[in-house]
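Beneath this line is the structure, given in structure tokens, with notes to follow.
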Amino acid sequence: MIALLVVLLTLLAAPINGEESSKRPNVLIILADDVGTGDVPGYWGNESVEMVNLKNLQANGLTFHNCHSTPWCSPSRYELLSGNYPHRGNKAFSSWGFKEEANQFYNYQKSIAQVLKEEANYHTAMVGKWHLGLRAPGSFDNCEENLLTCNDMDWTKRIEDGPNDIGFDESFYTIHGIHNPPFSFIRNGYIETDPSNVTYWNAGSHTTSNGESIIATSGEGDINWDTTQFDQLLVKEANIFLDNHLEKRAEDPFFLYIALGELHKPHSPPDFYGDGTPIAGTQGHPQLDCLYEMDKNIGALISSLETKGLIEDTLIIFTSDNGGLKSSTKRPGRILRGMKGDIYEGGHRVPLVMRYDRMFPKGEVRNSHFVGLNDIYATIAEIAQVTIPDTSAQDSISFADYAMSNDNTSNMRKYLGVWNKAHSDEAILFKHFKYIRFHFPEQREELYNLKVDIGETNNLLESNPQKYSALRKKLKKKLRKIGLCPHDFTNKPVKLQDGKNKGKKVTCDWFKADPRRCKWQKVGELKCNSVCGRFRKYCQYFK
Ligand SMILES: *[C@@H]1O[C@H](CO)[C@@H](O)[C@H](O)[C@H]1NC(C)=O
Ligand SMILES: *[C@@H]1O[C@H](CO)[C@@H](O)[C@H](O)[C@H]1NC(C)=O
Ligand SMILES: *[C@@H]1O[C@H](CO)[C@@H](O)[C@H](O)[C@H]1NC(C)=O
């Protein structure tokens, strides 16, 4: 009966010709965890696992061969949701867990969810791994070991600074994904676990009726916690959101961000998928079993859009937070250097597949230009016809034109920065070149031509320093301008050149204490741009 009603409502809501092209799309982002380009089909011509659903998505959409994130989880998530480079947020290397006092977003930075919600009435939801900082409901200091039962915590209180505080109407998430305590879901800021059902989970394998649930790090959690069910539970929640959406807000578009636990460790595939398909032990390695399950989850989400009549109107984006794990390098198809955590391609080149039936061609590849996870914000905003507020998404450039055609690169960004941790090493992409600067343990520079050397084996600054000295200089300067400043790390004093404090020696902390100082001190912008760049609204010199 309800299903019939939904069909009727959908039919009634269907726009007549002409309105269709201007209709705002629904948006579904599926963010995988630790999935590199070598883990999935469509990149290096090799498949370790049969992934029919991802292939189907590719056949119906676009596969981007040159998409980049950061080599780490949290900064990449911030890039995706904020449209900013990581150091523009609250902390230079992002905010991760409960220890943080606030999440990574400054008040004046609106997430893509918030912009869609405020400007176009999107119904927004987040499901899965948060990892962008939360304000613990109490003093954290004495509670690290027993977060859920600690007397200093009041779990009846709403946990602030979570997804609902950056524009998500609804949320169902864990702070760290599948791997770290507390092993408990949080719904709209309230913990789901009842205090009487909290238990201490020891690291190791725990047999459940679904398979081997694995605890990676000991800690408190829900008595019913079962890692084998983590991702299917998220898909189930996503479906509940879609049903509610159709029931209550079918006239509005939705924005659904699902951040999967797959393929992060622990690799604990369920014995069977919900539809009865055997999973654990079928692909030769638990990690590959999880990859296989991830494909089933992608399939379940897409078929849910199909059965609900939403597929045509939904922009689907599949991507990952960073490159693959070390164990992936053993598999065929892994030809990139490095892995998750590295500044080499294996660390930050990620799969990106986009499908939008009303607009995008089907079954095409995008390989002529690079894009960043931070560009997805502006791309969605353009397709959804919303205006980006001035102080938001400052490092996001729409690639909607490029999505339409591989040759349509005239509006593309010229440079893309990549940061590994806050101050360890950084890189910049320009045309087919990649310049890397290592700061620690020692200063070092490298330059690669990715067009002929995707494996980053021939450092041009060593093999042909003269020829590339001008390019090196140019990219170093550019990277310096968009990135973090080593002064910010060493806190080496700089001499002020303007204003009433002229001649005074100050550290970057002086600017942090009052970012407005960036406005009158050119030296602040140049030497401490990780500070001033984050407060760019105050800066006049720094463009
Ligand atoms: C996978 O790659 C290896 C070499 O890296 C190649 O020998 C093999 O034929 C490839 N398999 C497929 C199915 O493409
Ligand atoms: C504790 O968990 C059990 C087992 O799942 C469940 O039946 C019970 O309702 C839970 N108790 C509370 C108070 O949530
Ligand atoms: C390329 O981009 C331009 C500018 O947005 C657009 O008008 C044009 O239709 C695009 N061309 C193709 C082939 O998609």
Side-chain angles (χ1 to χ4, degrees), residues 97-98 125-130 134-140 142-164 168-241 243-244 258-262 264 266-280 290 293 296-297 300:
F98 266 125
M126 185 268 158
V127 167
K129 174 177 180 174
W130 173 238
L134 277 179
R135 198 180 290 272
S139 161
F140 191 89
N142 303 315
C143 300
E144 202 161 350
E145 290 299 306
N146 62 330
L147 206 48
L148 298 183
T149 55
C150 184
N151 284 334
D152 292 350
M153 292 286 164
D154 181 359
W155 292 105
T156 62
K157 274 201 192 142
R158 183 176 173 277
I159 303 160
E160 286 179 32
D161 255 301
N164 298 56
F168 290 100
D169 293 319
E170 288 157 44
S171 65
F172 179 80
Y173 60 97
T174 62
I175 173 70
H176 290 291
I178 194 171
H179 48 289
N180 280 345
F183 302 109
S184 183
F185 283 97
I186 298 168
R187 190 185 294 280
N188 298 323
Y190 293 95
I191 204 129
E192 291 267 278
T193 303
D194 188 276
S196 60
N197 268 351
V198 169
T199 190
Y200 190 87
W201 284 106
N202 284 310
S205 183
H206 303 264
T207 304
T208 73
S209 57
N210 303 301
E212 291 299 309
S213 173
I214 300 177
I215 297 294
T217 313
S218 302
E220 286 184 341
D222 196 296
I223 198 169
N224 295 310
W225 181 260
D226 180 354
T227 57
T228 72
Q229 297 303 296
F230 187 84
D231 288 283
Q232 285 185 82
L233 196 57
L234 302 183
V235 171
K236 205 165 136 192
E237 284 290 332
N239 266 319
I240 293 171
F241 168 76
D243 285 336
N244 284 338
I258 174 166
L260 296 174
E262 284 145 349
H264 202 289
H267 297 130
S268 53
D271 288 343
F272 297 94
Y273 196 71
D275 64 3
T277 313
I279 304 281
C290 287
E293 194 211 344
K296 303 243 14 120
N297 283 324

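Note that ligands are numbered from 1 as they come in the structure, with each ligand's atoms numbered from 1 the same way.
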Between Asn164 and Ser171: side-chain donor-acceptor atoms closer than 3.5 Å: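 Judged by distance alone, the side chains do pair up.
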Atom 11 (N) of ligand 2 protein-contacted (non-hydrogen atom, under 4.0 angstrom):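 So atom 11 (N) of ligand 2 has protein heavy-atom neighbours under 4.0 Å.
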Ligand-residue contact atoms, ligand 2 with Asn224, heavy atoms, under 4.0 Å: 2 (O), 4 (C), 5 (O)
Ligand-side contact atoms (ligand 2) for residue partner Ser196, heavy atom cut-off under 4.0 Å: 13 (C)
Aromatic ring pairing Trp130/Tyr173, orientation class (parallel under 30°, perpendicular over 60°, tilted between): tilted
Does any part of the side chain of [Y], heavy atoms only, come nearer than 4.5 Å to the side chain of [X], both counted from C-beta?
X: Thr207; Y: Glu212; value: yes
X: Glu220; Y: Thr193; value: no
X: Phe168; Y: Val127; value: no

Top protein contact for atom 8 (C) of ligand 2, by heavy-atom distance: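 Of the protein heavy atoms, Asn197 ND2, 3.7 Å lies nearest.
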For atom 14 (O) of ligand 2, the protein heavy atom that lies nearest, with its residue and separation: Asp194 CB, 3.4 Å
